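The block underneath contains the structure these notes are about, expressed in structure tokens.
The model shown is predicted, which means the values in this text are computed figures rather than measured ones. Keep in mind that the numbers below use all heavy atoms, side chains included, and drop hydrogens, waters and symmetry copies.
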Amino acid sequence: QVQLVESGGGLVQAGGSLRLSCAASGSIFTIGVMGWYRQAPGKQRTLVATITSGGTTNYADSLKDRFTISRDNAKNTVYLQMNSLKPEDTDVYYCNAFVQRSRWDIPRNYWGQGTLVTVSS
């Protein structure tokens, strides 16, 4: 009943910028923490950034100076602004969110389908 739909991935040259979007839809009472993760084939999925409903952010240390996470609670959408992109940023990027579907439910974790970001040198 809850879906996370990502957009904004694609091909960009090193040094360029890209903005990813992820919109949550379906049965939603409240949304807690939302975040972005990334994963290369055969490797572990790792944290990029998270943001609480109140706007508190958390980043992977190596990305803090280049990436910015934000959200629009009215649109149930989280964004990831990526600047000064490097070839090593090439990955599938996944949206994640904790969603409480009703006042009688508990928060449950959901994943988006992933969007590919390719950075060429």
Side-chain angles (χ1 to χ4, degrees):
Q1 291 193 199
V2 175
Q3 299 84 40
L4 303 179
V5 180
E6 299 172 325
S7 61
L11 176 65
V12 64
Q13 290 194 20
S17 298
L18 209 60
R19 190 175 80 148
L20 307 181
S21 300
C22 173
S25 62
S27 181
I28 298 172
F29 180 64
T30 59
I31 302 179
V33 174
M34 304 183 81
W36 291 94
Y37 296 75
R38 64 186 188 180
Q39 186 175 26
K43 295 185 178 180
Q44 295 281 343
R45 189 170 300 182
T46 60
L47 170 74
V48 175
T50 61
I51 183 168
T52 70
S53 60
T56 301
T57 59
N58 179 55
Y59 297 89
D61 289 340
S62 62
L63 304 177
K64 188 175 183 179
D65 58 337
R66 297 187 296 117
F67 289 12
T68 302
I69 190 170
S70 61
R71 65 192 285 170
D72 185 336
N73 291 331
K75 296 181 178 180
N76 293 329
T77 299
V78 63
Y79 307 94
L80 183 68
Q81 179 67 47
M82 303 183 292
N83 298 322
S84 301
L85 284 163
K86 305 174 181 179
E88 49 263 46
D89 295 320
T90 295
D91 271 315
V92 177
Y93 285 71
Y94 294 90
C95 177
N96 179 266
F98 284 89
V99 180
Q100 186 175 347
R101 296 182 295 173
S102 75
R103 66 176 300 169
W104 299 280
D105 199 8
I106 61 170
R108 302 178 189 270
N109 193 242
Y110 296 88
W111 289 97
Q113 78 287 347
T115 185
L116 178 63
V117 172
T118 303
V119 183
S120 63
S121 60

Quick one: do [X] and [Y] end up in the same hydrophobic cluster if we chain Ile, Leu, Val, Met, Phe, Trp and Tyr together by side-chain heavy atoms under 4.5 Å apart?
X: L47; Y: V92; answer: yes
X: L63; Y: M34; answer: yes
X: V78; Y: I28; answer: yes

Approximate separation, where rounding is to 0.5 Å, of [X] [atom1] and [Y] [atom2]:
X: I69; Y: T56; atom1: CD1; atom2: OG1; result: 11.5 Å
X: T115; Y: L80; atom1: OG1; atom2: CG; result: 11.0 Å
X: D72; Y: Y79; atom1: CG; atom2: OH; result: 5.0 Å
X: T30; Y: N76; atom1: OG1; atom2: CG; result: 10.0 Å
X: I31; Y: Q100; atom1: CD1; atom2: CD; result: 11.0 Å
X: T90; Y: L116; atom1: OG1; atom2: CG; result: 7.5 Å

- [ ] If the plane angle is over 60° it's perpendicular, under 30° parallel, otherwise tilted; pick one for F67 and Y93.
- [x] tilted
- [ ] Kindly determine whether V12 and M82 satisfy side-chain contact (heavy atoms from CB on, under 4.5 Å), including the steps that lead there.
- [x] CA-CA 11 Å; V12 64; M82 303 183 292; over 6 Å; no
Any side-chain heavy atom of [X] sitting closer than 4.5 Å to one from [Y]?
X: Y59; Y: T68; result: yes
X: C95; Y: W36; result: yes
X: T50; Y: Y37; result: yes
X: V2; Y: R108; result: no

Between [X] and [Y], is there a donor-acceptor pair closer than 3.5 Å when you use the side chain of the first and the backbone of the second?
X: R101; Y: S27; answer: no
X: R71; Y: I51; answer: yes
X: E6; Y: G112; answer: no
X: N96; Y: Y110; answer: yes

Give me the atom names and distance for the closest heavy-atom approach of [X] to [Y].
X: R66; Y: K86; value: NE-CE, 3.8 Å
X: R38; Y: D89; value: NH1-OD1, 3.1 Å
X: S17; Y: S84; value: OG-N, 4.3 Å

Open item on the list: Any carboxylate oxygen within less than 4.0 angstrom of a Lys/Arg side-chain nitrogen, looking at D91 and K43?
Closed with: no
TODO: Evaluate whether atom CG of D61 has more than 12 neighbouring non-hydrogen atoms of other residues, nucleotides or ligands under 6.0 angstrom away.
DONE: no
Open item on the list: Does atom CD (Q13) have a neighbourhood of more than 12 heavy atoms from anything else shown, all under 6.0 Å?
Closed with: no
